Protein chains: 2
Amino acid sequence: MSIKYAILGYLSWKPSTGYQLKKNFEESSIMYWSGNNNQIYKALIQLQSEGCVSNEVIHQANSPSKKIYTITQKGLDSLKNWVMLNPEAPEFKKSFLVQLAWSHQLTNGEILSLIEAYENEVKMQLIMHNEKNKRDPVFPKRSSREELIWDMISENFTSSYEKELIWVEKIKKKLNCSNNKE
Amino acid sequence: MSIKYAILGYLSWKPSTGYQLKKNFEESSIMYWSGNNNQIYKALIQLQSEGCVSNEVIHQANSPSKKIYTITQKGLDSLKNWVMLNPEAPEFKKSFLVQLAWSHQLTNGEILSLIEAYENEVKMQLIMHNEKNKRDPVFPKRSSREELIWDMISENFTSSYEKELIWVEKIKKKLNCSNNKE
DNA sequence: TGTCTCATGTAAGGGGTTACATGATTCC
DNA sequence: GGAATCATGTAACCCCTTACATGAGACA
């Protein structure tokens, strides 16, 4: 899927500028794109040419002028249509596992320190995710259902990282055991 | 990371042709690329120009000729170097969560059937992963350590899918509860 | 007769990334 | 004086994907 529908999603919540959307993406773990300018501003132009959004230019005295994008009915329909599509299975892209898979040339010690570096990386990611969610979480609460859903999505991420840490402990223990046998 | 190191990994295990590498990628869940021709054959040419692999052309009577690629010492060094790089955190790209996040326009029933479609998708993926691993798993067993590592990598995938299914049950229950309250 | 396996490659395009460019204001 | 925030946009490039092209033999 492309970033288009994530943008339509934010705009279906409230109108905003490209700049604001960019910050939303940066703050969010769920919306997994980097939120770079190139993608967002291009997507907005494309969405406009498709009639899914419209914009209003606001000239400001002390800041650069900005374009406030608003979703159209066509955009709402297109979003709903996409949301109801048959979901895809999750993608687990863990380049660390590829490194581990080809660690045959390393010593036991080198493998263990590689695993510990991964452990730290995951822990950091978990902390960052939790912090993002604590301070001023940027998500809609238009109904108790919507709040529940966003909470569950956040929990999905938290527990994914936590489960990864449990797995890390397990492989560390296993490697140490077979290490001591020799 | 690019597919290059995954290819070097396979070649560090045993020499093979582009065609064989392609099949390896198709059979593997860990090596998460689609394994399409364009990428593999291009990568092999590039790896050769970097001096990381060499090839030998074999002419066959009843089949098309093939190029057997072998890893060089430079390739082994390059692979080891990459394996020892600081690992990146796992990427969880779950487009389904983006759909859920913007499901505000749907009815409770529509959301539940969306979640169930996701559940089926994850179950199928889990079954496929387990089947791939049962019948003739394509991975090296040059030492007990290597076997242990590949087993743990496979378990990482299995448990990721299983944990996702547990999460699905939880959100289904929560949505049903708040549904009944109304 | 049609599809599968072996085997190598090319064409076109989608989606994403980093870095660059501009320019005023505000805060340390 | 230097960095950060607001605000929009472009250039170059990387990685990956699907689909196309060829051509022989095996199997149903």
Side-chain angles (χ1 to χ4, degrees), chain A residues 1-8 10-11 15-28 31-50 53 55-69 82 88-89 91-93 95 98 136 138, chain B residues 1-8 10-11 15-28 31-50 53 55-69 82 88-89 91-93 95 98 136 138:
Chain A
M1 80 160 279
S2 82
I3 199 176
K4 268 170 57 179
Y5 296 103
I7 291 177
L8 278 184
Y10 277 117
L11 294 180
S16 46
T17 64
Y19 186 79
Q20 188 55 50
L21 286 168
K22 186 186 171 176
K23 299 200 86 179
N24 290 159
F25 279 100
E26 277 163 9
E27 280 299 303
S28 170
M31 307 298 164
Y32 46 78
W33 301 264
S34 76
N36 63 86
N37 294 351
N38 203 347
Q39 224 181 341
I40 288 176
Y41 290 107
K42 264 187 188 164
L44 284 171
I45 288 166
Q46 210 199 316
L47 283 169
Q48 190 161 28
S49 79
E50 291 166 9
V53 303
N55 77 49
E56 192 194 356
V57 181
I58 309 275
H59 295 284
Q60 299 174 112
N62 296 344
S63 308
S65 13
K66 59 186 178 182
K67 291 182 182 171
I68 297 178
Y69 285 89
W82 175 77
E88 284 166 34
E91 280 178 61
F92 301 112
K93 295 203 174 172
S95 65
V98 184
D136 190 27
V138 186
Chain B
M1 84 162 276
S2 82
I3 199 175
K4 267 170 55 180
Y5 296 103
I7 290 177
L8 278 183
Y10 276 117
L11 294 180
S16 45
T17 64
Y19 186 79
Q20 189 55 50
L21 286 168
K22 186 186 171 176
K23 298 198 87 179
N24 290 158
F25 279 101
E26 277 164 7
E27 280 300 304
S28 170
M31 308 297 165
Y32 46 77
W33 300 266
S34 76
N36 63 86
N37 294 351
N38 204 346
Q39 223 181 339
I40 288 176
Y41 290 107
K42 265 187 187 161
L44 283 170
I45 288 165
Q46 210 200 315
L47 283 169
Q48 190 162 28
S49 80
E50 290 166 11
V53 302
N55 76 50
E56 190 194 355
V57 181
I58 309 275
H59 295 285
Q60 300 175 112
N62 295 344
S63 309
S65 13
K66 59 185 179 182
K67 291 183 183 171
I68 296 179
Y69 284 90
W82 175 75
E88 285 167 33
E91 281 178 61
F92 302 111
K93 294 204 174 173
S95 65
V98 184
D136 190 28
V138 187

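The figures here come from the full heavy-atom set of this structure, side chains too, leaving out hydrogens, waters and symmetry mates. Residue numbers start from 1 in every chain, and the chains themselves are labelled A, B, ... in the order their sequence lines are given, proteins ahead of strands. Everything numeric here is computed off the predicted structure, so don't read it as measured data.
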Measuring from [X]:[atom1] to [Y]:[atom2], what's the distance to the nearest 0.5 Å?
| X | Y | atom1 | atom2 | value |
| --- | --- | --- | --- | --- |
| A/Leu44 | A/Ile7 | CG | CD1 | 5.0 Å |
| A/Ile40 | A/Asn24 | CD1 | CG | 8.5 Å |
| A/Lys66 | A/Gln20 | NZ | CD | 8.5 Å |

Practice task
On DNA chain C, check which nucleotide each of B/Pro64 and A/Gln46 is closest to and give me the residue with the more 5' one.
Solution key: B/Pro64
Completion exercise
The answer to which of B/Asn37 and B/Lys42 contacts DNA chain C further toward the 5' end, by nearest nucleotide, is B/Asn37
Without decimals, in angstroms, what is the distance between [X] [atom1] and [N] [atom2]?
| X | N | atom1 | atom2 | result |
| --- | --- | --- | --- | --- |
| A/Lys66 | C/dT25 | NZ | C1' | 15 Å |
| B/Asn24 | C/dA7 | CG | P | 13 Å |
| A/Gln48 | D/dG9 | CD | C1' | 15 Å |
| A/Lys23 | D/dT8 | NZ | C1' | 15 Å |
| A/Ile45 | C/dG15 | CD1 | P | 16 Å |
| B/Phe25 | D/dC15 | CZ | P | 14 Å |
| A/Ile40 | C/dG15 | CD1 | P | 16 Å |
| B/His59 | C/dC6 | NE2 | C1' | 16 Å |

Practice task
For B/Lys93, report the nucleic acid contact type (base, sugar-phosphate, nothing); a contact means any heavy atom under 4.0 Å.
Solution key: nothing
Practice task
Identify whether any heavy atom of A/Lys67 sits under 4.0 Å from a base atom; if not, whether one sits that close to sugar-phosphate; answer base, sugar-phosphate or nothing.
Solution key: sugar-phosphate
Is there a side-chain contact between [X] and the phosphate of [N], meaning an N or O under 4.0 Å from OP1 or OP2?
| X | N | result |
| --- | --- | --- |
| B/Gln60 | C/dA7 | yes |
| A/Trp33 | C/dG16 | yes |
| A/Thr17 | D/dA7 | no |

Side chain of [X] - closest among [options]:
| X | options | result |
| --- | --- | --- |
| B/Tyr19 | D/dC15, D/dT18, C/dA7 | C/dA7 |
| A/Tyr41 | D/dC16, C/dT18, D/dT8 | D/dT8 |
| A/Ile3 | C/dG16, D/dT18, C/dG9 | C/dG16 |
| A/Asn38 | D/dA7, D/dA12, D/dT17 | D/dA12 |

Practice task
Indicate yes or no: at least one non-hydrogen side-chain atom of A/Phe92 is less than 4.5 angstrom from one of B/Lys93.
Solution key: no
Handout entry: Distance flag, aromatic centroids of B/Phe25 and B/Tyr32, threshold under 6.0 Å
Key = no
Fill in the blank from the handout: Of A/Asn36 and B/Gln39, the one whose closest nucleotide on DNA chain D sits nearer the 5' end is A/Asn36
